[in-house]
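Reading through the structure tokens given below for one structure.
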Protein chains: 4
Amino acid sequence: MESSQLSEGSQLSESSQKSRKVVVRKAPSQSRSKEKVQNILAAAKSLLASEGLEKLTTNRIAKLAGLSIGSLYQYFPNKQAIIHQLYSDWLQSVRELLREYQASDLEGETPVSIMQTMMDQIYRPHDLDPEESRYEAELNKAMHLYPELQAIDHRHARQIAGILADILRKTGVVATDDVLFQLGLYSYELYGSYEAMLQHEGTSPGLIYEWQKQGLFSIIESYTKK
Amino acid sequence: MESSQLSEGSQLSESSQKSRKVVVRKAPSQSRSKEKVQNILAAAKSLLASEGLEKLTTNRIAKLAGLSIGSLYQYFPNKQAIIHQLYSDWLQSVRELLREYQASDLEGETPVSIMQTMMDQIYRPHDLDPEESRYEAELNKAMHLYPELQAIDHRHARQIAGILADILRKTGVVATDDVLFQLGLYSYELYGSYEAMLQHEGTSPGLIYEWQKQGLFSIIESYTKK
Amino acid sequence: MESSQLSEGSQLSESSQKSRKVVVRKAPSQSRSKEKVQNILAAAKSLLASEGLEKLTTNRIAKLAGLSIGSLYQYFPNKQAIIHQLYSDWLQSVRELLREYQASDLEGETPVSIMQTMMDQIYRPHDLDPEESRYEAELNKAMHLYPELQAIDHRHARQIAGILADILRKTGVVATDDVLFQLGLYSYELYGSYEAMLQHEGTSPGLIYEWQKQGLFSIIESYTKK
Amino acid sequence: MESSQLSEGSQLSESSQKSRKVVVRKAPSQSRSKEKVQNILAAAKSLLASEGLEKLTTNRIAKLAGLSIGSLYQYFPNKQAIIHQLYSDWLQSVRELLREYQASDLEGETPVSIMQTMMDQIYRPHDLDPEESRYEAELNKAMHLYPELQAIDHRHARQIAGILADILRKTGVVATDDVLFQLGLYSYELYGSYEAMLQHEGTSPGLIYEWQKQGLFSIIESYTKK
DNA sequence: AATGAATGAGTCTTCATTCAT
DNA sequence: TATGAATGAAGACTCATTCAT
């Protein structure tokens with residue numbers, strides 16, 4: 001019933017409703033706990049996307065998540081931790097995606113072809129879901145507001161840059177390790193700027209995307225020996 | 001830079017004290033008022049650059065500006081208005097710079113050569129003054145924190161995009177009006193992403209700058225008929 | 001010591017687990033209940049000694065005692081009651097010790113000799129176990145924090161004072177009943193101040209102890225006819 | 001005392017009302033500020049004495065002091081600071097008193113005579129004002145609750161012990177520096193225990209006082225060569 | 001106009017206690 | 001009886017804004 005508030009939007013609450021009445025078997029407490037955590041994160045995400053960081057208070061998160069403020073603090077030690085989790089989850093999803101590419105067979109791929117594939121996969125959601133775009137922009141803002149979290153951001157960024165550098169090297173980019181790393185970092189941060197640009201009214205996602213690709217590929221190619 | 005503006009502040013208030021008691025005849029109230037406004041803006045800018053948005057309180061601004069909090073509210077209706085002015089001023093300076101180029105003799109310039117010149121002029125300060133960089137980043141953050149202010153941002157952005165589109169067209173870029181406008185917007189926003197990237201540790205300003213230029217030029221050239 | 005009590009706690013619950021499944025037949029519920037109560041008290045004592053009153057929360061007590069917070073509230077109506085029991089137990093142990101002396105053959109003892117013996121026995125633990133000292137100090141603090149508990153303290157104190165008065169009288173102190181009672185009270189409270197003094201850095205337990213004895217004996221002797 | 005200071009608060013506002021209309025001369029802002037600080041301290045002191053440390057909240061202090069919570073925080077950075085000030089003030093008054101004795105002509109005084117004089121002066125107020133007694137006991141409790149404040153307490157205690165040691169030495173006590181210091185510390189802490197004892201019902205301040213003196217003098221004399 | 005003391009709603013967080021399972 | 005998730009009142013503290021002087 002709590003979760004119903006969170007959202008009707010959330011599949012989880014619906015399914016758990018059903019499972020309660022149909023399957024009878026109580027969900028293991030761990031997953032119930034996970035559910036709450038997910039509710040909280042979903043509520044925070046929703047508030048972030050719809051009202052922005054400034055309206056993100058622990059009390060509102062709790063209310064939207066359908067639990068009391070006290071309960072919220074049973075799942076997260078403080079507000080920062082919630083945002084951290086959100087950010088961390090997002091970074092991890094990106095990292096995992098890139099790791100798949102890194103581990104995949106890159107035979108026959110050019111730096112441009114592989115970057116193109118990856119960018120298509122990562123950028124695509126924004127065309128479909130502008131809310132996701134707003135969410136990530138706010139998340140980024142939040143990150144800047146909590147200096148402690150920047151360290152994590154930097155660590156992740158470096159990991160991602162390392163992965164990208166590796167992929168670029170494997171597919172034929174020739175440059176010093178440092179330049180490769182910088183190139184990885186630049187590619188990664190390009191995505192951040194894409195998100196920022198989308199926040200502006202009047203911009204055309206499609207064009208921006210194409211131009212970002214074109215610009216990046218031009219750079220990459222200048223580091224590729226023919 | 002900041003401090004000069006600051007001490008400027010105190011000097012001003014001292015001299016105005018004197019002028020009250022000695023002869024000189026009170027400066028026209030309008031200019032005295034302008035002075036105060038400038039003091040406030042300078043203080044806000046300084047705090048933004050040195051301590052960040054989260055430490056920017058109206059009381060601190062007033063103290064640093066050398067006037068009372070009560071007076072501050074005589075010149076600005078609320079905190080938002082101060083930030084708005086700051087942002088607006090900055091945008092205007094950019095706009096004016098671009099308008100000069102727009103009005104100048106573009107004979108013999110290529111789209112790339114003119115963009116290169118402008119970017120060098122706009123990006124340069126950051127290499128020289130990291131504080132300016134921090135300031136603009138914080139300003140940008142602030143902008144996002146006050147959704148009401150985004151409208152202004154968009155209006156300015158569109159004006160700038162229009163100017164850039166005009167310059168690009170005059171120097172030989174061939175595209176529909178809409179694409180030209182988008183290209184102007186993209187160029188302008190590229191600068192924002194440059195600032196954002198600089199906030200990350202480990203990035204090399206020089207490389208980023210070069211790559212941004214390379215990317216942009218590659219795009220521009222594809223719209224230039226030979 | 002604490003930890004022993006602690007693991008004792010868990011051991012107990014383990015063994016009770018077994019006894020449920022094996023034969024032995026469930027211990028009478030009353031004694032199982034007593035066991036739990038003891039676990040709770042031991043946990044509270046441990047927390048008090050190791051982390052102080054301010055970190056003493058019912059949830060932590062329950063966790064350390066190896067039972068749920070809900071169960072804890074089945075044995076104690078509220079937090080105060082736990083502290084009350086702890087304090088009460090401690091007072092009772094002192095009372096019992098003194099009653100033994102009261103009941104013993106005091107033939108040949110002087111007021112000073114018997115007080116000396118008793119003080120040695122009561123004060124000694126602190127030299128050996130500073131944790132005990134900390135525990136009692138925290139307990140005392142707790143007592144002050146719950147005004148309701150002070151009444152109990154006073155009742156106990158009066159009982160102890162009565163015993164001491166009796167012992168003093170039996171061993172030859174000559175004074176009105178009231179003065180004897182006050183003397184008993186004073187002797188008892190002297191111990192409290194001993195504990196308090198130990199909390200200060202730089203104090204020498206040995207010297208304090210000797211001085212307290214010397215002072216007290218000087219008083220007692222002035223009430224003893226030769 | 002408490003009530004006088006408190007009602008002093010109301011009196012002051014009344015009198016300032018008058019002074020506004022009669023004397024016209026506005027009280028210097030510094031003293032107005034001091035007045036507020038005194039109001040706050042008086043309110044805190046009153047709450048401490050009447051309801052105890054546990055009921056001492058910043059909001060209640062503010063309300064009792066007749067100002068808003070926001071104002072309170074304009075005069076004190078946090079709750080601890082208020083208590084610190086209270087404690088510090090009290091310690092300072094003791095220290096100053098002792099310093100006077102230290103600086104005075106001790107010719108002809110014996111250790112016992114001077115201690116007697118000082119104790120009479122320090123202990124006396126409690127006979128007159130039981131509220132003062134409660135206040136100091138609560139203050140002491142508070143001190144234990146804020147570990148950070150204990151450092152200050154210890155420093156003060158050492159200063160006082162040093163003064164007392166000096167006085168004792170000057171008046172003829174013969175012992176090593178360390179023992180003298182310990183003796184000073186013991187004497188000082190004796191007072192703390194006196195306060196603690198007074199909190200117990202049924203104790204007779206007069207008797208306790210006499211006994212404490214008798215005990216202390218007996219100790220001191222054992223360190224005095226005849 | 002200037003001042004700056006005063007305001008108080010709003011923020012995060014804790015923890016004793018309850019109650020559905 | 002046992003569990004432990006849930007509760008929410010309460011506390012410390014902040015800061016944009018107002019208003020008496």
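Chain identifiers are assigned alphabetically (A, B, ...) following the order of the sequence lines, protein sequences preceding nucleic acid strands; residue numbering begins at 1 within each chain. FYI, side chains are in, hydrogens and waters are out, and symmetry mates aren't considered; it's all heavy atoms of this structure.
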Report summary line: Stems in DNA chain E, runs of 3 or more consecutive Watson-Crick or G-U wobble pairs with both distances under 3.5 Å, sorted by first number, are E:2-21 with F:2-21
Report summary line: Taking for B:K55 and for D:T58 the nucleotide of DNA chain F with the nearest heavy atom, the one nearer the 5' end belongs to D:T58
Query - Nucleic acid contacts of residues 75-89 of chain C, taken as heavy-atom distances under 4.0 Å to DNA chain E - result: C:N78, C:K79
Query raised in the report: Donor-acceptor pair, A:S50 side chain versus A:S46 backbone, under 3.5 Å?
Result: yes
Query - Residues forming a salt bridge (charged side-chain N to carboxylate O under 4.0 Å, His left out) with A:K141, sequence neighbours excluded - result: A:E138
Query - Phosphate OP1/OP2 of E:dT14 contacted by A:Y73 side-chain N/O (<4.0 Å) - result: no
Query raised in the report: Is the closest side-chain heavy-atom distance between D:K55 and D:L47 below 4.5 Å?
Result: no
Requested in this report: Could you check how far CG of B:L47 sits from P of F:dC15, rounded to whole Å?
Outcome: 13 Å
Query raised in the report: Rounding to a whole Å, what distance do you find between B:R60:CZ and F:dA16:P?
Result: 11 Å
Query raised in the report: How many angstroms lie between atom CD1 of D:I40 and atom OH of D:Y73, to the nearest 0.5 angstrom?
Result: 10.5 Å
Query raised in the report: What integer distance in Å separates A:K63:NZ from E:dC12:P?
Result: 13 Å
Report task. Would you kindly give the OH-to-P distance between A:Y146 and E:dT11, to the nearest whole Å? Result -> 12 Å
Show each protein N/O and nucleotides 7-10 of chain E N/O combination with a separation under 3.5 Å, one pair to a line.
unit_1 : atom_1 : unit_2 : atom_2 : d
E:dT7  : OP2    : D:S68  : N      : 2.7
E:dT7  : OP2    : D:S68  : OG     : 3.0
E:dT7  : OP2    : D:S71  : OG     : 3.4
E:dG8  : N7     : D:G70  : N      : 3.4

Query raised in the report: A:L56 versus A:I83: any side-chain heavy-atom pair under 4.5 Å?
Result: yes
Query - Separation of E:dA5 C1' from D:K34 NZ (nearest whole Å) - result: 18 Å
**Report entry** Minimum side-chain heavy-atom gap A:Y146-A:K79 below 4.5 Å
**Finding:** yes
Query raised in the report: Between atom CD in C:E51 and atom C1' in E:dC15, what is the gap in whole Å?
Result: 16 Å
**Report entry** Phosphate contact (F:dA2 OP1 or OP2) by C:K36 side-chain N/O below 4.0 Å
**Finding:** yes
Query raised in the report: Can you pull the salt bridge (charged side-chain N to carboxylate O under 4.0 Å, His left out) pairs that have at least one residue in residues 56-72 of chain B, sequence neighbours excluded?
Result: B:E51-B:R60
Report task. Sequence neighbours left out, what passes side-chain contact (heavy atoms from CB on, under 4.5 Å) with D:Q85? Give chain and number order. Result -> D:L41, D:F76, D:D89
Query raised in the report: Roughly how far, to the nearest 0.5 Å, is the CG atom of B:L67 from the CG atom of B:L64?
Result: 10.0 Å
Report task. Name the nucleic acid region contacted by D:L56, choosing base, sugar-phosphate or nothing; use a 4.0 angstrom heavy-atom cut-off, strictly under. Result -> sugar-phosphate
Report summary line: For B:A44 and B:I61, the nearest pair of non-hydrogen atoms, with its separation, is CB-CD1, 4.0 Å
Query raised in the report: Would you say the side chain of A:N78 lies within less than 4.5 Å of the side chain of A:T58, judging by non-hydrogen atoms?
Result: no
